[in-house]
Amino acid sequence: MARNNIRRARKSIAVLTAVALFGLTACSSGSSNQAESGPVEIRFSWWGNATRAELTNKAIKAFEAENPTIKVKPEYGDIGGYFDKLATQVAANDAPDVITMGGAYPAEYANRGALLDLSKVDGPLDLSRFDEGALQNGQVDGKQYGVSTGANALSIVANPAVFQAAGVPLPDDSTWTWEDFARVAADVTAKSPQGTYGTATVLTHDSLDAFARQRGESLYTKDGQLGLEQDTVRDYFDYSLNLSATRAAPSASETVEKLNVSTEQTLMGMGKAAMMLTWSNSLTALSKASGAELQLLRLPGESPTPGIWLQSSQFYTISARSKHTEAAAKLVNFLVNNEEAAKVVQSDRGVPSNPEMRSAIQDLLTPQGKAEAAYVDEIGKLKFAPTFIGPTGSTAVAEITARINTEVLFKRLTPEKAAEQWISEGKAAIGK
């Protein structure tokens with residue numbers, strides 16, 4: 001399955017390269033917007049589970065009721081094939097009008113001319129009330145290409161019931177270290193029924209970033225270079241291997257089996273893990289899947305140097321080739337600035353980046369939603385290092401991390417060799 005991941009990444013990059021060769025430029029057709037007063041249909045793509053689809057479709061219905069001349073055609077699916085499909089659509093000049101993106105994808109597509117510079121949008125799109133950090137997260141080379149759907153942060157989702165059943169106390173997340181995390185996770189596994197683990201996963205690409213930031217490094221530098229020392233990458237792979245080898249986390253084969261599964265199929269979602277390193281806005285979905293009262297813990301190792309940061313959960317972008325940019329802008333504006341939409345979606349796509357929308361949904365949030373909002377608020381008060389958006393090609397680096405980590409878990413690569421290979425392949429991916 002890990003090999004499938006890297007093949008998908010190479011396919012997406014190949015298709016995106018084709019986009020550049022075909023000469024897509026970030027311009028919309030002015031003439032196509034002259035008839036926006038008449039009925040138009042726009043396409044809106046996103047990924048997610050059934051709950052997200054239900055909420056998003058409710059928000060779309062509310063938008064259509066307020067804008068009766070605009071019909072929105074939803075296009076959604078599982079995250080596993082979302083970006084492959086999008087790359088193919090863009091290369092074929094058949095991209096949705098409003099495209100949901102995440103991570104470094106806005107930079108990837110903007111740098112290849114596939115996204116609209118939102119300062120040139122024809123329709124009403126008011127970002128004046130957004131948090132400054134949220135605005136900057138959607139910018140590429142100073143231009144606004146993405147609109148943040150909301151903020152979240154890396155966290156440890158914990159299941160107190162699993163801890164209690166194992167007779168292991170919950171850790172103190174104000175002081176714990178990565179060594180504490182590994183020790184506690186191994187202790188839970190040893191004292192739990194077979195198939196239950198202290199941590200649902202080994203380390204991930206996102207945790208590599210936090211791991212490095214705690215050492216004063218960053219995944220990418222301001223000028224778009226890789227910012228990690230080889231020793232840091234080696235220690236990351238060594239730690240990941242140790243989690244699996246000590247049974248704190250699942251074995252290599254079990255880890256591979258759980259790649260790209262639904263929330264309900266994760267060990268945490270099945271109630272078979274005490275902890276899971278994931279994004280804070282996963283709390284609600286994981287709680288619903290597991291039927292347990294889960295809670296958020298801060299990452300290990302945050303003292304003395306915080307490695308955590310606030311990240312936009314997702315971004316709404318508009319295709320540079322959209323024939324209905326005014327209607328597309330109206331939809332994006334509605335989703336991020338309208339109270340009715342905010343009350344439907346709530347924190348499903350992160351804690352809203354518009355403070356007024358945060359206030360509007362506060363009383364409606366579930367206990368898990370309130371916990372997510374409180375966690376993001378707590379993280380937002382910290383003084384953390386700046387975050388630099390990955391350069392073109394950086395979307396492949398996450399796949400490289402996952403593939404090489406799998407090789408380490410199966411002991412086909414030593415952590416030392418894995419670090420060398422990661423640096424080499426990472427530099428080749430971003431062309432620097």
Side-chain angles (χ1 to χ4, degrees), residues 1-2 49-51 78-80 154-204 206-207 236-301 366-368 371-372 375 402 405-406 408-411:
M1 193 174 293
N49 57 21
T51 298
D78 185 75
I79 182 63
L154 281 175
S155 66
I156 300 294
V157 175
N159 188 333
V162 175
F163 276 97
Q164 184 175 9
V168 177
L170 277 167
D172 180 353
D173 68 343
S174 67
T175 61
W176 67 336
T177 65
W178 286 105
E179 290 74 19
D180 293 331
F181 177 82
R183 175 183 51 77
V184 169
D187 197 20
V188 170
T189 302
K191 297 176 179 179
S192 297
Q194 186 173 2
T196 299
Y197 291 91
T199 176
T201 61
V202 291
L203 294 191
T204 66
D206 294 319
S207 51
Y236 159 84
F237 285 126
D238 185 63
Y239 185 85
S240 185
L241 175 61
N242 180 66
L243 288 177
S244 180
T246 61
R247 303 292 288 169
S251 66
S253 59
E254 290 172 299
T255 296
V256 170
E257 287 173 3
K258 290 297 181 183
L259 289 174
N260 296 322
V261 298
S262 67
T263 300
E264 293 76 15
Q265 294 174 310
T266 62
L267 289 171
M268 180 61 70
M270 294 189 296
K272 294 184 176 181
M275 296 180 287
M276 181 177 181
L277 197 156
T278 186
W279 292 97
S280 57
N281 69 324
S282 300
L283 180 66
T284 296
L286 286 169
S287 296
K288 182 178 180 180
S290 65
E293 294 184 7
L294 308 181
Q295 64 184 71
L296 295 173
L297 303 178
R298 290 176 59 175
L299 293 185
T366 63
Q368 293 80 19
E372 292 170 7
Y375 183 78
N405 194 40
T406 298
V408 171
L409 295 179
F410 278 107
K411 300 184 179 179

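Below, all heavy atoms of this structure are taken into account, side chains as well, without hydrogens, waters or symmetry copies.
- Atom CD of Glu257 is separated from atom CD of Gln265 by 11.5 Å, given to the nearest 0.5 angstrom.
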All N/O donor-acceptor pairs, side-chain side in residues 270-278, below 3.5 Å, sequence neighbours left out:
residue : atom : partner : partner atom : Å
Thr278  : OG1  : Ser282  : OG           : 3.4

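- The environment of CD in Glu264 is crowded: more than 12 heavy-atom neighbours from other residues, nucleotides or ligands sit within 6.0 Å.
- Around atom CD of Gln164, no more than 12 heavy atoms belonging to other residues, nucleotides or ligands sit under 6.0 Å away.
- Atoms NZ and CG, from Lys411 and Leu409 in turn, are 10.0 Å apart once rounded to the nearest 0.5 Å.
- Taking both residues in full, the closest heavy atoms of Leu203 and Asn405 are given as O-ND2, 3.6 Å, listed atom of the first, atom of the second, then distance.
- Rounding to the nearest 0.5 angstrom, the gap separating the CD atom in Gln295 from the CG atom in Asp173 is 8.5 Å.
- A pairwise comparison of heavy atoms in Trp178 and Pro300 identifies NE1-O, 3.5 Å as the closest pair.
- For the atom pair CG (Leu296) and CG (Leu154), the distance works out to 11.5 Å, reported to the nearest 0.5 Å.
- The distance from atom CG of Asn159 to atom CG of Leu267, rounded to the nearest 0.5 Å, is 11.5 Å.
- Side-chain atoms of Thr189 and Ser192 include no donor-acceptor pair closer than 3.5 Å.
- Side-chain atoms of Thr255 and Thr406, non-hydrogen and from C-beta on, never get closer than 4.5 Å to each other.
- In terms of heavy-atom proximity, Ser251 sits nearest to Ser244 at CA-OG, 3.5 Å.
- Remark: of the listed residues Thr263, Thr199, Thr201, Leu294, Leu294 is the sole one forming a side-chain contact (heavy atoms from CB on, under 4.5 Å) with Met268.
- Ser174 and Asp172 share a side-chain donor-acceptor pair at under 3.5 Å.
- Between atom OG of residue Ser155 and atom CH2 of residue Trp279 there is a gap of 9.0 Å, rounded to the nearest 0.5 Å.
- In this structure the side chain of Leu283 reaches within 4.5 angstrom of the side chain of Ser287, judged on heavy atoms.
- Put simply, the side chain of Lys258 never gets that close to the backbone of Ala200: no donor and acceptor are under 3.5 Å apart.
- Between Phe410 and Val256, the closest heavy-atom pair is CE1-CG2, 3.6 Å.
- Put simply, the side chain of Tyr236 gets close to the backbone of Thr204: a donor and an acceptor are under 3.5 Å apart.
- Here the shortest heavy-atom pairing between Tyr375 and Arg298 reads OH-CA, 3.8 Å.
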- Task: Show the numbers, then the answer: is there a salt bridge (charged side-chain N to carboxylate O under 4.0 Å, His left out) between Asp187 and Lys191?
- Result: CA-CA 6 Å; Asp187 197 20; Lys191 297 176 179 179; 3.3 Å; yes

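- Contact annotation: the side chain of Val202 never approaches that of Tyr239 to less than 4.5 Å [non-hydrogen atoms, C-beta and beyond].
- Exactly one of Thr177, Ile156, Asp180, Leu297 qualifies for a side-chain contact (heavy atoms from CB on, under 4.5 Å) with Pro171. That residue is Leu297.
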